[in-house]
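Quick caveat: nothing in here was measured; it's all calculated off a predicted structure. Below, chains carry the letters A, B, ... as their sequence lines are ordered, and counting in each starts from 1.
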4 protein chains.
Amino acid sequence: MRVTKDPQIRKQEILETAMTLFEQNGIGKTSMSDIAKEANVTKGLVYYYFSSKDELVEAVVALFVRDTNQRLQQIVEGSSLTFYEKLLQIMTLYFVTIQEHLKFVEASPANAGIYELIKNSLSESALVQTKDFIKQATEEGILTIDYPEYTLKILINGIADLYLEGVHNPKIFATLIEQTLALPKGSLQLK
Amino acid sequence: MRVTKDPQIRKQEILETAMTLFEQNGIGKTSMSDIAKEANVTKGLVYYYFSSKDELVEAVVALFVRDTNQRLQQIVEGSSLTFYEKLLQIMTLYFVTIQEHLKFVEASPANAGIYELIKNSLSESALVQTKDFIKQATEEGILTIDYPEYTLKILINGIADLYLEGVHNPKIFATLIEQTLALPKGSLQLK
Amino acid sequence: MRVTKDPQIRKQEILETAMTLFEQNGIGKTSMSDIAKEANVTKGLVYYYFSSKDELVEAVVALFVRDTNQRLQQIVEGSSLTFYEKLLQIMTLYFVTIQEHLKFVEASPANAGIYELIKNSLSESALVQTKDFIKQATEEGILTIDYPEYTLKILINGIADLYLEGVHNPKIFATLIEQTLALPKGSLQLK
Amino acid sequence: MRVTKDPQIRKQEILETAMTLFEQNGIGKTSMSDIAKEANVTKGLVYYYFSSKDELVEAVVALFVRDTNQRLQQIVEGSSLTFYEKLLQIMTLYFVTIQEHLKFVEASPANAGIYELIKNSLSESALVQTKDFIKQATEEGILTIDYPEYTLKILINGIADLYLEGVHNPKIFATLIEQTLALPKGSLQLK
DNA sequence: GATGAATGAGGGTTCATTCAT
DNA sequence: CATGAATGAACCCTCATTCAT
């Protein structure tokens, strides 16, 4: 039967359904039919809102990046937290984010460059968002290393990879982060 | 027209053609037809040598991993090099390798686990290969940090990502490596 | 060019086209492409209605069995006919049916059990349908043999085979049926 | 390695291998490669002896028919047996034959008419072989029905079908045969 | 006689995309 | 806005057959 909804809501529904399926099965293994079916909508309507699979993929990625950014911003701007607490939350955010959305890392027949797209989008915004955070820590004498932003990124990406490869011990992570950022031993308490 | 070749050579040709195309366009976007065409061969012959696309993909991955391993081994066992020189070469190897074969990072519809496969294969061997290298450096007092293997991996993966995101300045890399491994400032000279 | 039809009609068209081609050339030698072409439709549409060749084959078989059953039922329930007339019509039905659909007797690479499927489907229903018919004739003293249902089946299958092998003389058939069912000589008049 | 054999033996080996595989998996699902592999021979050699799959199929059928005939002949000419014993053996031969070679009944992409081919070949020879057998029984007054050959065929084919459909009780078969051939009750003892 | 690499046509299937309604 | 029937191109794979050696 025909169900009419507010266009914006419909579009959002389709977008989120696509996101869910992409995460679950990967982009390449998610067909437009799958998305339409799961969203209780016809294929035609999906194409009404997104003129191609590519466009839909990009919209999903944009949504994902926007979400992540928002969370990052909330952490950074959370004034009541200490540097170490914020650092912790940032690391956690990236772990969770990368883990949850790992399937994006796939090649889609439609959009082979998706991996770079996501990575760059996230990185770029991460740099912007953490700039002040890092600047402040540097001024306060907590961070003393050169290129702290790059170092943070290396940590994030590098540790995420470690995590994905099966290393899960929080103590090890704490030590690695402390060492890499030249923080005092024991300053970081990962649970 | 019909061209007969030594089976081993033919198989190798097909394998290398596949590798090239996979790198260029990704696994998902490379069809068996593409490979056959590029190798001046019929599809049937590709299947004569590799009974499925999956098998071909696996063969390519195996070849790639084997190659990388070999190069790594050569570096580590190169007795005339200093620790710093070896470290340099290892980093370079991973940069180049990862860059060249970036498209492997895709999951194919046929073989969704390829990303992990490669990553794990490489990581595992990297750990094994660099174990002695690191142990020696530690004993010589050059490396003083905890979890040096993990740190090295973080560096490799993290820096590779930085590189892919557009950071190319060797001085920055040198500084980052020195800092992260707690090496003396200026000990590393990247050209 | 694009021609849209009522889905039920379209599906039926495809089904009947498939049936015709299966009968003409056999299931194994009839490709989905052949069916699509003959039905003036694209392969994609065939798959839109039947998700695999197997499913299409099964649908065709089901249709065929249903048809045959219906005709059988009409004969058996035709109250105005004598036992001999009904017997005649039943025999004729099976001759025609088996002849027309002889090619079904093949096993398809896709559905190796099709032969048994058809045969059993037909047999089972034949037994059910003719049960009352036989019971009544037995009670009336027309049929005096043991295992009349089995005998009827032997007759049907056996005579069908004879027919297919080239024996077409109705008098011979009449005699054979009379003898086998132990009916009075001359009771059956095949035209 | 290259193994040279007497051509006739080689051809026979291939033929028998093909027969076995056809019976096991059906003609359609048996590829020339399968045959070659199973016969420890290359595809080329199979084609050296049989210029096409069709030809090979026909050769297999011919072999099968010849075999069956031979066995039939042995039964019929076995002078020490009574009519009933011979009848029994004939029925058994057909049951076994049909069961063992059921897979021939499939469509081959190469030879769609195989079913008829076999059936006709067997029937024709059966008629010839049993002619004397029947004639003698008729003269001796054992067989009194009209068209005894046809009746025998109906029995063979019809009972074989019954058997395939799951009826296995020897007593039922005995009764059916007795009835159909108008033999005295209890004259046939199937074990 | 014998090999097995090589061909080429076709088979079943999937899916992004279009369009008449 | 919404439907879903229809398209068409591509994809992976199989196999009878050929032919240079």
Side-chain angles (χ1 to χ4, degrees), chain A residues 1-7 10-11 28-36 41-49 51-54 56 109-110, chain B residues 1-7 10-11 28-34 36 40-54 56 109-110, chain C residues 1-7 10-11 28-36 40-54 56 109-110, chain D residues 1-7 10-11 28-36 41-54 56 109-110:
Chain A
M1 88 232 98
R2 188 190 184 102
V3 177
T4 303
K5 289 196 184 178
D6 180 90
R10 246 306 138 74
K11 192 171 181 179
K29 285 199 164 177
T30 302
S31 70
M32 293 298 265
S33 288
D34 292 340
I35 295 167
V41 141
T42 55
K43 256 192 287 191
L45 198 62
V46 177
Y47 275 91
Y48 179 78
Y49 287 112
S51 66
S52 73
K53 192 179 180 181
D54 267 25
L56 179 50
Chain B
M1 91 235 91
R2 198 182 190 105
V3 177
T4 302
K5 293 194 182 180
D6 180 278
R10 241 315 132 71
K11 191 171 182 179
K29 281 200 156 180
T30 302
S31 71
M32 293 299 265
S33 288
D34 291 342
N40 287 317
V41 140
T42 54
K43 245 190 299 185
L45 197 63
V46 176
Y47 277 92
Y48 181 77
Y49 287 109
F50 302 93
S51 65
S52 71
K53 191 180 181 182
D54 267 26
L56 180 50
Chain C
M1 92 234 92
R2 198 181 189 106
V3 177
T4 302
K5 293 194 181 178
D6 179 277
R10 239 316 131 72
K11 190 171 183 177
K29 281 201 158 181
T30 302
S31 71
M32 294 299 265
S33 289
D34 292 341
I35 295 166
N40 285 318
V41 140
T42 55
K43 249 192 293 186
L45 197 63
V46 177
Y47 276 92
Y48 181 77
Y49 287 109
F50 303 93
S51 64
S52 70
K53 190 178 182 183
D54 266 27
L56 180 50
Chain D
M1 90 230 97
R2 192 190 181 104
V3 178
T4 302
K5 290 196 183 178
D6 179 89
R10 248 304 139 75
K11 190 170 181 178
K29 285 200 163 177
T30 302
S31 70
M32 294 298 264
S33 287
D34 292 341
I35 296 166
V41 141
T42 56
K43 257 193 284 192
L45 198 63
V46 177
Y47 275 91
Y48 179 78
Y49 287 113
F50 303 93
S51 65
S52 72
K53 192 179 181 181
D54 268 25
L56 179 51

Taking the side chain of [X] as its heavy atoms from C-beta onward, which of [options] lies nearest to it?
X	options	result
D:R10	E:dA2, F:dC13, E:dA16	E:dA2
C:M32	E:dG12, E:dT7, F:dT17	E:dG12
B:Y47	F:dC13, E:dT3, E:dT17	F:dC13
C:R2	F:dA6, E:dG4, F:dC12	F:dA6
A:Y49	F:dA6, E:dG11, F:dA2	F:dA2

For E:dA20, the Watson-Crick or wobble counterpart (both distances under 3.5 Å):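 Base partner found: F:dT3.
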
Complementary nucleotide of F:dC13, counting Watson-Crick and G-U pairs under 3.5 Å: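 E:dG10 - that is the nucleotide pairing with F:dC13, both distances being under 3.5 Å.
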
Contact nearer the 5' end of DNA chain E, comparing C:T30 with D:D6: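 The answer here is D:D6.
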
Comparing C:D34 and B:P7 on DNA chain E - which has the more 5′ nearest nucleotide: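 Closer to the 5' end of DNA chain E: B:P7.
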
Sugar-phosphate only, base, or nothing, as touched by D:F50 at under 4.0 Å among non-hydrogen atoms: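 Answer is nothing: D:F50 stays at 4.0 Å or more from every strand.
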
Touch class at under 4.0 angstrom, heavy-atom based, for C:T42 against every strand present: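 Contact class for C:T42: base.
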
Donor-acceptor pair present, D:K43 side chain and F:dT17 base, under 3.5 Å: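 Per atom types, the contact qualifies.
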
Phosphate contact (F:dC11 OP1 or OP2) by B:S31 side-chain N/O below 4.0 Å: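 So the side-chain polar atoms of B:S31 do come within 4.0 Å of the phosphate oxygens OP1 or OP2 of F:dC11, strictly under.
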
Any D:Y48 side-chain N or O less than 4.0 Å from OP1/OP2 of E:dG1: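 Indeed not, no polar side-chain atom of D:Y48 lies that close.
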
Integer-rounded Å distance: [N] [atom2] and [X] [atom1]:
X	N	atom1	atom2	answer
D:K5	E:dA2	NZ	P	9 Å
B:D54	F:dC13	CG	C1'	12 Å
B:K29	F:dA9	NZ	P	18 Å
A:K53	E:dT14	NZ	C1'	11 Å

Test: B:K11 cationic atom under 6.0 Å from B:F50 six-membered ring centre, within 45° of axis: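 Yes, B:K11 and B:F50 form such a contact.
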
Over-ring placement of B:K53 relative to B:Y47, 6.0 Å and 45° cut-offs: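 Because its charged atom misses either the 6.0 Å distance or the 45° angle limit, B:K53 does not stack over B:Y47.
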
D:L56 and D:M32, any side-chain heavy atoms less than 4.5 Å apart: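 D:M32 reaches D:L56 side chain to side chain.
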
D:V3 side chain near D:K5 side chain, heavy-atom distance below 4.5 Å: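 Contact flag for D:V3/D:K5 side chains = yes.
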
D:K29 NZ to D:D34 CG distance, which is reported to the nearest 0.5 Å: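 It is 11.5 Å, given to the nearest 0.5 Å.
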
First of C:G44 and B:L45 reached from the 5' end of DNA chain F, by closest nucleotide: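 The answer here is C:G44.
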
